Each structure stands twice: as structure tokens, then as C-alpha cells.
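Following: one structure in C-alpha cells, then a few remarks.
Hydrogens, waters and symmetry mates are skipped; everything else that's a heavy atom, side chains included, is used. Counting starts at 1 for both ligands and their atoms, following the listed order. Bear in mind the structure is a predicted one, so any value in this text is a computation, not a measurement.
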Amino acid sequence: MTRDFAGKVGFVTGGASGIGEAIALQLAARGARVVVADLKLDAAQKVVAAIKAAGGEAAAVAVDVGRMDEVEKAVQFALDTYGALNVAVNNAGIGGAAAPLGDYSFEDWHKVIDVNLNSVFYSMKYEIAAMLKGGGGAIVNMASILGSVTFPNAPAYVTAKHGVVGMTKSAAVDYAKKGIRVTAVGPGFIDTPLLAALPKPAYDALASAHPIGRLGTADEVAALTLFLLSDAASNITGSYHVVDGGYIAQ
Ligand code: NAI
């Protein structure tokens, strides 16, 4: 495997499971020193142990990405531990309650907006400050296909992910001349613990909604994310890239 991230420091929120875990593992395998930031410290430590067992370098930090003070501390942890921040993936997210907008509770709305949208503002705010000190960097924000189309009974999630796409464009344009690239990834439905609670008929229906006939894998999302973080993507910023088995092409 190419070690094109050697010498770089990566920061991955929600890095303890699913898509974030795959990104953390792939970044470390390609040479980055990786901070695995997650609400679940034990699970983050297991990912760090797996990276170390494979000969990589990583550290875990506990963070609730819905809290600005905790995000500031987690980014500072990356700087204190590895001395720089070069690439970041704002990936932590939740599905949230399922209900149409008129039945959505204030509590459920604010929870999803805090964890899936405000978190990306908090994260980029501190990541960009850290990257500017080091002369630049690259950020990928994990949106969703629901950053460009809707889905029944998911008003907060759909709103948050559309917001992530807009925030990505805003930050990308403001920092393009300062050496920081910012892009968004839009996965289709991916076979991760986020979907583990689905009953089999619902899972099968989701799979068949993708022209490719199956759900995506976390490794497929990680592959696109690492391309966007890499120097091979040096002219790519402000854009939103789906990895969805053809879902939104229909
Ligand atoms: P997952 O549930 O496997 O992993 C999410 C991780 O985020 C977990 O480790 C969890 O502990 C962490 N997390 C949750 N709330 C947090 C908080 N407040 N602070 C810090 N960490 C927190 O989920 P998955 O599927 O890997 O999702 C990752 C991202 O990809 C999310 O933003 C999700 O919206 C997005 N996505 C997922 C899709 C799917 O079908 N699985 C489809 C499209 C986008």
C-alpha cells in the first residue's frame, strides 16, 4: 500500500465505528498518525489498538462533537500529541428520530442539528485554525446522499446534511487561497452499525433502492475520502462527491 500520508497528522470524528473507523484504519495504513475522536472512548481505543497492531500510529480522544468546548479540546489534543494537523474528517453523526416534520420534537430536532450540523462548524473552526498554522491542509465533511435529496421522515437529518454541503462550499471558497481544501462526501446507504437496528425487510428494501443492488461498504466510502484528502486531489475543493451505487442518478 502506498504511504502517501506519511508525515501527516489526521483527525477523524466518529472514528470508532463504521465509516469513520474505516477512514482511520486506511489513513494509518497509508502512513498518517491518526487521532480517533469519538463519544465512545473505549471503542476509539480499540481502533487505536488495531492500528498499532498493524504497525501504525494513532491516539484516541473522547469528544462530544455537539459541544464546541469539547471539540476545541479534541483538536488541541491532536496538536499536543502530534504537533500539527494536516487532514481532518468530520464524520461523527447520528440517524435521529423518524417522523414527519410536524411530529418532530424540539429535542430530537436540536439533537440531530447539534451532532450532524453544528458539530461540523465547531470542528472546522478549530481544524482550520490549526491547519493555517501549519501552512494548509484538507478537510472532508461526511454528508450523505441526503445532502442533495430527501428521504421520508428524516427532516432534521436531511436539513443537517444539506447544511453540511453548504458549509463545505462556504469554507472552501474562504480558504482556497490559504492552502486548505474542503470537500463533502455523500454516501448512499452504507452497511454500518448505524443501520444495524433495521429489520430485514427494511434493509432489503434499502439495498434494492440502489441501482447497484446492494448497500455500500465503509471501505468504499473511505477510499473516496482518502482520495479527496490526498495530494492527488489538489485541484478539488468546495465540491460534493457521492458514493452511492447510482442512488441519486435515478
Ligand atoms: P456509526 O454509527 O457506525 O458510527 C458513528 C460514530 O460516531 C460512532 O462511533 C459514534 O459513537 C460516533 N458519534 C455519535 N455521536 C457522536 C457525538 N456526539 N460525538 C462524537 N462522536 C459521536 O455510523 P456510520 O454509518 O459510520 O456514519 C458515519 C457518518 O456517515 C455519519 O455522519 C452518517 O450520517 C454518515 N452517513 C452514513 C450512512 C449510512 O448509511 N451508514 C449514509 C450516509 C451518510
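- Crowding of Tyr126 atom OH: a count of heavy atoms from other residues, nucleotides or ligands under 6.0 Å exceeding 12.
- Atom CG of Leu224 is separated from atom CG of Asp244 by 10.5 Å, given to the nearest 0.5 angstrom.
- Side-chain N/O atoms of Asp191 and Tyr203 include a donor and acceptor closer than 3.5 Å.
- Each of Gly14, Ala16, Ser17, Gly18, Ile19, Asp38, Leu39, Lys40, Val63, Asp64, Val65, Asn91, Ala92, Gly93, Ile94, Val115, Met142, Ala143, Ser144, Tyr157, Lys161, Pro187, Gly188, Phe189, Ile190, Thr192, Pro193, Leu194, Leu195 has a non-hydrogen atom positioned under 4.0 Å from some atom of ligand 1.
- Electrostatic pairing of Lys8 and Glu57 does not count as a salt bridge here, judged by no charged N lying under 4.0 Å from a carboxylate O.
- Aromatic pair Tyr247/Phe151: ring centres not closer than 6.0 Å.
- Tyr240 and Ser148 form a side-chain donor-acceptor contact under 3.5 Å, judged by distance and modelled atom types alone.
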